[in-house]
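What follows is one structure encoded as structure tokens, with my remarks underneath.
Below, read A as the first sequence line, B as the second, and so on, with proteins coming before strands; counting in each chain starts at 1. Everything numeric in this text was worked out from a predicted model, so none of it was measured.
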Amino acid sequence: MIKRLFLLCTALLLSNHLNAAVNVVATLPVFGALAQEVGGERITVTSLARGNQDPHFLDAKPSYVVALNRADLLIHGGLDLEVGWLPPILVQSRNGKIQPNSPGNVNLAEGLNILEVPKTALDRSMGDVHPLGNPHSWLDPRNAKLMAANIYQHLAKVDPEGKSYYEGRLKDFLSRINQKISEWERQSASFRGKKAITYHKSFNYFAAWTGLDIVDTIESKPGIPPSSKHVDDLIKHIPQEGVKAILVESFYPKKVPQFLSEKAGVPMLLLPTDTDEYGIKTYFELIDYLIREIGKTTG
Amino acid sequence: MNRFWFLHALLIISLFFAPLGRAYAETEMETLRKEVRELKKTVNQLTNIVQQQNKRIDQLSGTRAAQSQTPLPSRDGDHPSELSPVETAQPDKKTPPPTAETAPGSEDAEIAGLLDKVNNTPPSPGAQSRSVGLWKYPSPGGTAAKLLPDISLTGTFAAAYFSQDPTGDVGHNPSRTGFNLQEVELALQSVIDPYLRGDVFLSFHEEGVEVEEAYMTTLGAGLPRGMQFKGGKFFIPFGRQNPKHLHNWTFVDNMLVNQYLLGPEGLNELGVELSYLFPVPGFFQAQATFSNGDNEASFGGNRKDDFLYSGRVSGAVDLTEDLTMLMGSSVALGFNSTGRGNHTTLYGGDLYLRWKPSARSSLSWQTEYILRTMQVPGALESDGGLYSYLDWQFLKQFHAGFRYDQMGIPSGIFPKEYRLSPMFSFDPSEFSRIRLQYDYDKISGQEGVHAAFLQFQFTMGPHGAHPF
């Protein structure tokens, strides 16, 4: 019996080795989608979160531990986006290849122009503030380019044989996204300077890129559900400020935004912040969707 | 004989750690290589600058530029990236068909530019996260703080009412009618080096201070995949409740069966743990510990080689995307203090189901049974007990729960006893909690005890997230 179990284990171990594809684990589907652009057929991508899950509040599930244990490359957003669940599974993964500052650990925040880095000493009376700055960085395609390059350089390190393949794919991705960026910038010109409010600070990078003006959030402070006083204030301010739309990330509660939308007479827009929801598969489809829907409402 | 065994175990452990040394040598080679690569890069850049300046001089002095241009691949000029000269000399060898109309040179330049930005963004407040990694919060603008461990404090207080105050050592439980300091926990957590991380938890309570846990854990570098060592003082992985710290408990007080059979302070020992994650498709883990066995409730043998050995296997499976089931069974073998060589055995089985359909709601059900057989002078006493609780998070900040405790299945040293505990809690934020709980505790043959608690909890600083 024990002998048979042992044989089974060795067989499984061997099959892991024979499977040549680079095993990439991304915390969010959108990071996985970017990795797929660069890695093509040489990699297999697993995403831990689903697109419609709030990336801040996942459980450190045992199945994630298993995924990380088998990973050759871990791609995460950095800036403490996943601080509530990634550190314990990373320790439990027992995988030296993907620990922080190893070639197999890609921190996508590297090199980005990070927004809302706290300038004063922090305390939590400000809510669940991210001490390293706003981590919802991927909705600015200029950041996606940096992320793709970052993924490329790590893939080339963990799989040197595929380097020229990855380089070709990266070039292809960059030329496509450069074309799309000018297209998107043309399309989003109509909502430059238009005012909107969001539930959480998830669209701030998108806004910084397109010129959309996000004047407030429905949460009174990051991570803290809206107080009734804050909701009252918003009902007053929305018409005063000329807010055109209420943008709500798909995984937040709809009740308060719905109420605000009715009271203030401003349309509410449910939006994806990630791939793997609303039928969105690629990074391009995600930005396409956002620009199309926001354009319809504010334009 | 026993001492020989101990030496043997030490030898095995030291053998396991041997690959660390090799891995260290490898990283040293790696840094050397990196340095050489960096030097090469600098030399290349300098050569390029010199060549460009020569070109300028040539142009300025009126000579034909074509002469110097031919041997020089002009693209190399702005190429500080990792792309080696060999590859740039013959690009696109295996690449898929190029798509863009733009010249290949400008693409290379764009990649180089992006990589340069990724790798060399000058230190700005946000960029500090790069070197610090996942576990630390740097203080804005401060560089000296980088190497400090994460420091956090968790305070737990309870106002309690008992119809009859408890007696004896109750551990973290509220011990009397009135205000109780259950614990102030100081946690120091940090990565030590590429191979290890360290976690230290100091527990301050009304009687003084103690080291609740202090251990190192291997991170996987240089070890066979799936293997992990832990060493120091730590909670023995026996069941699900035992390894949990007070602020991670779902109720104000400890489970009855844990309190009686594993002791008021829990099964917390000095020793080593080896665990292994099996290379099977699901989560299947085995943990083995070898420790002193000082626990007073069930162990604490008098001979110097009365050690405690424990093992646990656990498996987990995602039944649906939102529903996870975890099952485990544990065993612990050791010697007790009732007589020379008297042994104690603990067996445990646990089941945990958690359904989490969104970030704001969840339902957990946990059940655990523990059985102890204990050799005492002239007899073998068996005691068993279980608990089962439901914890329902019905809004982001609100939990309601109910726990049932039962002792005396079978009943040996401890009488039959049961307890009912409804609970309600409000978490204003991730870092604070107010919990209300009522206990009805009935020991057979005695009058039932009513108790009510209002518990306050707060966390200061970056307290590490908790495992599942």
Check whether any side-chain heavy atom of [X] lies under 4.5 Å from a side-chain heavy atom of [Y], and answer yes or no.
X	Y	value
B:Tyr195	A:Gln99	no
B:Phe468	A:Gln92	no
B:Val191	A:Pro100	no
B:Thr218	A:Arg94	no
A:Val91	B:Thr217	yes
B:Lys117	A:Leu112	no
B:Gln397	A:Pro225	yes
B:Leu114	A:Leu174	yes

- Report yes or no: does B:Arg225 contribute a side-chain atom to a donor-acceptor pair with the main-chain N or O of A:Asn95 at less than 3.5 Å?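 No, the answer is negative, given that no donor and acceptor are paired below the 3.5 Å cut-off.
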Could you pull out the closest heavy-atom pair between [X] and [Y], with the gap in Å?
X	Y	result
A:Arg70	B:Gly282	NH2-O, 4.5 Å
B:Glu321	A:Lys61	O-NZ, 3.1 Å
A:Pro62	B:Leu326	CG-CD1, 3.8 Å

- For A:Arg142, salt bridge (Lys or Arg N to Asp or Glu O under 4.0 Å) partners two or more places apart: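 Listed in chain order: A:Asp140.
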Side chain, backbone, both or neither of [X] within contact of chain B (heavy atoms, under 4.5 Å):
X	value
A:Lys221	neither
A:Asn178	side chain
A:Leu115	neither
A:Ile89	neither

- Query: Going through the checks in order, is the salt bridge (charged side-chain N to carboxylate O under 4.0 Å, His left out) test met by A:Arg50 and B:Asp322?
  - Reply: CA-CA 11 Å; A:Arg50 298 192 308 273; B:Asp322 295 324; 3.1 Å; yes
With a 4.5 angstrom heavy-atom cut-off, is it the side chain or the backbone of [X] that approaches chain A, or both, or neither?
X	result
B:Ser358	neither
B:Gln228	both
B:Ser275	both

- Worked check of side-chain contact (heavy atoms from CB on, under 4.5 Å) between B:Asn119 and A:Gln153: CA-CA 10 Å; B:Asn119 297 322; A:Gln153 90 174 347; 2.7 Å; yes
- Going through the distances and angles, do A:Asp59 and B:Thr324 end up as a side-chain contact (heavy atoms from CB on, under 4.5 Å)? CA-CA 10 Å; A:Asp59 276 342; B:Thr324 303; over 6 Å; no
- Which residue out of A:Ser102, A:Ala148, A:Pro253 racks up the most heavy-atom pairs below 4.5 Å with chain B?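 Looking at each option in turn, the highest pair count goes to A:Pro253.
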- Item | When A:Ser93, A:Gly96, A:Ser63, A:Gly40 are compared by non-hydrogen pairs under 4.5 Å with chain B, the top option |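 Of A:Ser93, A:Gly96, A:Ser63, A:Gly40, A:Gly96 has the most heavy-atom pairs under 4.5 Å with chain B.
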- Task: Before accepting this row, confirm whether a basic side-chain N of the pair B:Lys396/A:Asp54 lies closer than 4.0 Å to the acidic partner's carboxylate O.
- Result: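 Looking at A:Asp54 together with B:Lys396, the answer is no, because their closest N to O distance does not fall below 4.0 Å.
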When rounded to the nearest 0.5 angstrom, what distance separates [atom1] in [X] from [atom2] in [Y]?
X	Y	atom1	atom2	value
A:Asn69	B:Phe283	CG	CZ	10.0 Å
B:Glu430	A:His56	CD	NE2	10.0 Å
A:Tyr64	B:Asp318	OH	CG	7.5 Å

- Message: Pair B:Glu110, A:Lys145 - check salt bridge (charged side-chain N to carboxylate O under 4.0 Å, His left out), show working.
- Response: CA-CA 10 Å; B:Glu110 184 174 16; A:Lys145 283 164 64 173; 2.9 Å; yes
